[in-house]
Amino acid sequence: MTTSLRVAVIGASGRMGSTTCAAVEGASDLVLTGRYDAGDELGDLGGAQVAVDFTVPDASPGNVRHCIQHGVHAVVGTTGWTTERLAAVESLLAAHPAVGVLIAPNFAVGALLMMSFAQQAARFYESVEIVETHHPGKVDAPSGTAARTAELIARARLDAGLGAVPDATTSDPRGARGADVDGIRVHAQRLRGRVAHQEVSFGGEGEALTIRHDSFDRVSFMPGVLAGVRAVPEHAGLTVGLEHFLGLV
Ligand SMILES: NC(=O)C1=CN([C@@H]2O[C@H](COP(=O)(O)OP(=O)(O)OC[C@H]3O[C@@H](n4cnc5c(N)ncnc54)[C@H](OP(=O)(O)O)[C@@H]3O)[C@@H](O)[C@H]2O)C=CC1
Ligand SMILES: O=C(O)C1=N[C@H](C(=O)O)C[C@H](O)C1
């Protein structure tokens with residue numbers, strides 16, 4: 001008989017945290033050991049082997065540090081992971097080599113495929129822009145997914161020897177051309193009724209390619225979250241991106 005994997009959720013009352021608690025409770029091989037929210041003492045996380053963090057960018061690094069120091073594997077969906085924050089996790093993990101941490105900008109399998117397809121397409125097109133659309137409760141822009149997609153496209157363009165995306169704009173006092181992420185324009189929309197959506201538009205001479213993904217419901221993230229929970233104890237160290245656990249890279 002196999003024993004259930006013990007899982008705690010941090011940010012448990014939030015949109016993603018509450019959906020994750022329900023998904024863990026619905027999985028026969030997992031047991032929910034604790035729900036933690038802002039102001040709660042994490043302690044030993046109720047004896048959890050894996051903690052899932054869906055909180056806010058300012059809180060997540062401290063929660064991950066706590067997990068690592070207590071020997072608890074972490075699956076993190078919260079955004080805001082800068083290069084410096086990732087480096088701090090890696091150096092702490094060096095002192096706790098048995099612990100695994102997965103930080104995933106997006107857990108929806110379709111979003112992973114969308115990013116992968118965009119990365120593949122990048123070298124063939126002179127022009128590319130990203131539009132991400134989310135619910136109006138989202139606090140950060142651009143989305144972690146859009147920022148990651150832009151990074152992947154920028155790297156692929158660089159590897160292919162492509163120059164800057166053509167753009168004659170010399171006057172944009174109101175920022176209508178969007179954010180510049182590694183040379184790729186990213187536009188963020190916040191609309192009531194939406195969940196999480198992204199369109200990557202490529203343009204070449206006489207043609208266009210559009211790659212689009214839609215999460216209509218937060219349940220779309222749950223197969224990926226649970227896959228991360230099940231896999232992270234077998235992957236010591238830091239992994240950025242669920243695609244590494246799904247054979248997509
Ligand atoms: N990787 C992925 O696939 C996905 C990632 N996300 C990301 O996940 C994060 C959460 O999103 P979402 O669920 O919509 O946000 P919510 O605002 O709905 O939830 C965040 C929760 O975290 C709680 N919280 C805040 N600070 C702490 C803390 N120090 N310790 C514990 N809990 C805390 C909040 O409590 P309170 O409200 O009381 O402050 C709230 O309940 C965002 O960064 C979002 O971008 C979202 C969807 C998918
Ligand atoms: O806040 C959200 O909702 C989401 N956040 C993540 C992001 O910023 O990319 C993932 C997904 O887009 C939903």
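Atoms within each ligand, like the ligands themselves, are counted from 1 in listed order.
For atom 22 (O) of ligand 1, the closest heavy atom belonging to the protein is Thr55 CA, 3.4 Å. For atom 17 (O) of ligand 1, the closest non-hydrogen atom of the protein is Arg15 NH2, 3.6 Å. If you check which protein heavy atom lies closest to atom 47 (C) of ligand 1, you get Met16 CG, 3.3 Å. Remark: minimum distance from atom 40 (C) of ligand 1 to any protein heavy atom is reached at Gly14 CA, 4.0 Å. Taking atom 12 (O) of ligand 2 as the reference point, the nearest protein heavy-atom neighbour is His134 NE2, 2.6 Å. Here the heavy atom of the protein found nearest to atom 39 (O) of ligand 1 is Ala38 CB, 4.3 Å.
Heavy atoms of Arg15 found under 4.0 angstrom from ligand 2: none, in either backbone or side chain. Contacts with ligand 2 closer than 4.0 Å are made by heavy atoms of both the backbone and the side chain of Thr145.
At least one heavy atom of His135 sits less than 4.0 Å from an atom of ligand 2.
The Asn106 neighbourhood of ligand 2 comprises atoms 10 (C), 11 (C), 12 (O), with distances under 4.0 Å to a heavy atom of that residue. Close approach of ligand 2 to Ser143 (heavy-atom distance below 4.0 Å) involves ligand atoms 7 (C), 8 (O), 9 (O).
In this pair, Phe54 and Phe107 present their aromatic rings perpendicular. The plane angle is above 60°, beyond the 30 to 60° band.
Here the shortest heavy-atom distance to atom 10 (C) of ligand 2, taken over Pro105, Ala141, Gly144, belongs to Pro105.
Residue Lys138 places at least one N or O, backbone or side chain, under 3.5 Å from an N or O of ligand 2.
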